[in-house]
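First comes the structure, then the notes that go with it.
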Amino acid sequence: MSNPTWSLRSLLSPVVARLLILCINPMDLEGVFSRLEGKPILNAKMLENRWLAEWATLSDTWKVRAREALAAGHARTAHTCLFHASTCGLARFLINTSDLESKKAVYLDYAATYREAMDHAGSSVEDIEVDCPGNFRLAALLHLPAGAGPHPVAVVFAGLGSCKEEMHTIARALVDRGIAALVPDMPGCGASLFNHRVPCSMERVEQAITGLANAVQVHPALDASKLGATGLCMGGGYAFRATALDTRYRYGATLFPLFIS
């Protein structure tokens, strides 16, 4: 009976899938794997450390290119470079670690780089805070289409352990079609967890769903009569629950949802 062997690419395939959804630079991905495969890795901690270091170096390289582009007056190129730097941050964020302070630092760097990339995106991306029943706040990004509005809007729910920045591909697809995307860090995720200290519970999830609908109703650029919900993984379950819980969510579209009770 032969012993099975596992390649790094097989072990990290869930991470790779999420990176490809976000449109990571494939040459960056291939380069990291090639360098990791070129030297022996003796244990999981060694793999973790080398993965984090490789992506940190790549992120710094993209940031340098962005600064050079800005100095030359090329805002679009700077946006592209900063976005690639942010995907390197996501590659680091997706690695689970028992060191919560390190995880927080990786997330905050990723979020800050993504925010800087969106500052040069050529369209409006607002940082907003959402007040929820239960006396807590969510951090969120609001991606707005061109024009005065009010715009139809979809709340885009990320999965548990994800964050609002990772939902970029879905948010921009909506914006390109004239639909605003309100992307929260739900309880237990992203800045809502690390900055606002909001842990996940079923009660807080439902309170967040209500708070997000409330926020849409009072935002002048959004058409609350055309509010929908979408999401993937557990975020897909949240989207389904939103449409069942609150009739202000008029439509829903879920992507391989994980349902919760």
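It should be emphasised that the depicted structure is a prediction, and the values quoted were computed from it without experimental measurement.
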Hey, mind stepping through R172 and V175 against side-chain contact (heavy atoms from CB on, under 4.5 Å) and telling me if it holds? CA-CA 5 Å; R172 302 315 294 178; V175 167; 4.1 Å; yes
Any chance you could measure D131, atom CG, to T210, atom OG1, to the nearest 0.5 Å? 13.5 Å
For R115, which residues count as a side-chain hydrogen bond (donor to acceptor under 3.5 Å, both in side chains) partner, sequence neighbours excluded? D119, D127
Cluster question for you: counting only ILVMFWY and a side-chain heavy-atom cut-off of under 4.5 Å, with indirect links fine, are I95 and L100 together? no
With a 4.5 Å limit on heavy-atom distance, are the side chains of R248 and N214 in contact? yes
H79 side chain to E116 side chain, donor-acceptor N/O pair below 3.5 angstrom: no
Nearest 0.5 angstrom please: C132 SG to M186 CE, how far? 8.0 Å
Atom pair SG/CG of C200 and L160 - distance to nearest 0.5 Å: 5.0 Å
Does F240, at its CZ atom, have more than 12 non-hydrogen atoms belonging to other residues, nucleotides or ligands within less than 6.0 Å? no
Heavy-atom nearest pair, F157 first then I209, reads CZ-CG1, 4.3 Å
Could you check whether any side-chain N or O of T230 sits under 3.5 Å from a backbone N or O of A253, counting only pairs where one atom can act as donor and the other as acceptor? yes
Scanning both residues in full, the closest heavy-atom pair of L193 with G188 reads CD2-O, 3.5 Å
Please tell me if the side chains of D99 and E101 come closer than 4.5 Å, counting only heavy atoms from C-beta onward. yes
So the salt bridge (Lys or Arg N to Asp or Glu O under 4.0 Å) pairs with at least one residue in residues 213-227 (sequence neighbours excluded) are none
Heavy atoms, side chains only, cut-off 4.5 Å: are M46 and N43 in contact? yes
Within a strict 4.5 Å, meaning less than it, do heavy atoms of the S162 and R18 side chains meet? yes
Salt-bridge criterion met for E68 and R65 (N-O under 4.0 Å): no
Say you draw a straight line from CD1 of I179 to CG of L222; how long is it, rounded to the nearest 0.5 Å? 12.0 Å
Parallel, tilted or perpendicular, as decided by the 30° and 60° cut-offs, for the rings of F83 and H168: tilted
In the structure I gave you, are the side-chain heavy atoms of L212 and Y249 within less than 4.5 Å of one another anywhere? yes
I'd like to check the ring pair (Phe, Tyr, Trp, His ring centres under 6.0 Å) partners of F136; sequence neighbours left out, ordered by chain and number. none
Distance-minimising heavy-atom pair for M167 and V183: CB-CG1, 3.7 Å
Heavy atoms only: give me the nearest P199-P187 pair and the separation to one decimal. O-CB, 3.3 Å
Side chains of N25 and W62: do they bring a donor and an acceptor to under 3.5 Å? no
Has N135 got more than 12 heavy atoms of other residues, nucleotides or ligands less than 6.0 Å from its CG? no
What pairs meet the salt bridge (Lys or Arg N to Asp or Glu O under 4.0 Å) rule with one or both residues in residues 196-207, with sequence neighbours excluded? E206-R241
For W51 and F33: C-alpha separation, side-chain torsions, deciding distance, then whether side-chain contact (heavy atoms from CB on, under 4.5 Å) applies. CA-CA 9 Å; W51 177 270; F33 273 122; 4.1 Å; yes
Cluster overlap I24 with L82, hydrophobic side-chain contacts below 4.5 Å: no
Of all residues at least two apart in sequence or in a different chain, which pass the ring pair (Phe, Tyr, Trp, His ring centres under 6.0 Å) check with H143? none
Over all atoms of both residues, closest heavy-atom pair of P150 and P220: CB-O, 4.0 Å
Kindly compute the distance separating CG (L138) from CG (N195), expressed to the nearest 0.5 Å. 12.5 Å
Tell me, do L47 and N49 make a side-chain contact under 4.5 Å, heavy atoms counted? no
L141 side chain reached by L182 side chain, heavy atoms, under 4.5 Å: no
Are the charged groups of D109 and K63 less than 4.0 angstrom apart, N to O? yes
Same cluster (ILVMFWY, side-chain, under 4.5 Å), M118 and I170: no
Shared ILVMFWY cluster between Y114 and I21, side chains joined below 4.5 angstrom? no
Going by the side-chain hydrogen bond (donor to acceptor under 3.5 Å, both in side chains) test, which pairs reach into residues 180-193, not counting sequence neighbours? Y107-D185, K164-D185
If you count the non-hydrogen atoms of other residues, nucleotides and ligands that lie under 6.0 Å from CZ in R76, is the total more than 12? no
Interatomic distance, OG@S102 vs CG@L52, rounded to 0.5 Å, equals 6.5 Å
For residues S10 and S7, is any side-chain donor paired with an opposing acceptor at under 3.5 Å? yes
side-chain contact (heavy atoms from CB on, under 4.5 Å) evaluation trace for R9 with E37: CA-CA 9 Å; R9 296 170 195 255; E37 291 165 340; 2.8 Å; yes
Could you state whether V106 and L12 fall into the same hydrophobic cluster, counting links through intermediate Ile, Leu, Val, Met, Phe, Trp or Tyr residues with side-chain heavy atoms under 4.5 angstrom apart? yes
Parallel, tilted or perpendicular: rings of Y110 and F93 (30°, 60°): tilted
Main-chain N/O of R35 paired to R50 side chain as donor or acceptor, under 3.5 Å: yes
Are any non-hydrogen side-chain atoms of L29 and W55 less than 4.5 angstrom apart? yes
Output, in order, the C-alpha distance, side-chain angles, deciding distance and verdict of side-chain contact (heavy atoms from CB on, under 4.5 Å) for E165 and L90. CA-CA 9 Å; E165 291 80 13; L90 175 62; over 6 Å; no
Which pair of non-hydrogen atoms, one from P257 and one from G236, has the smallest distance, and what is that distance? CB-C, 3.5 Å
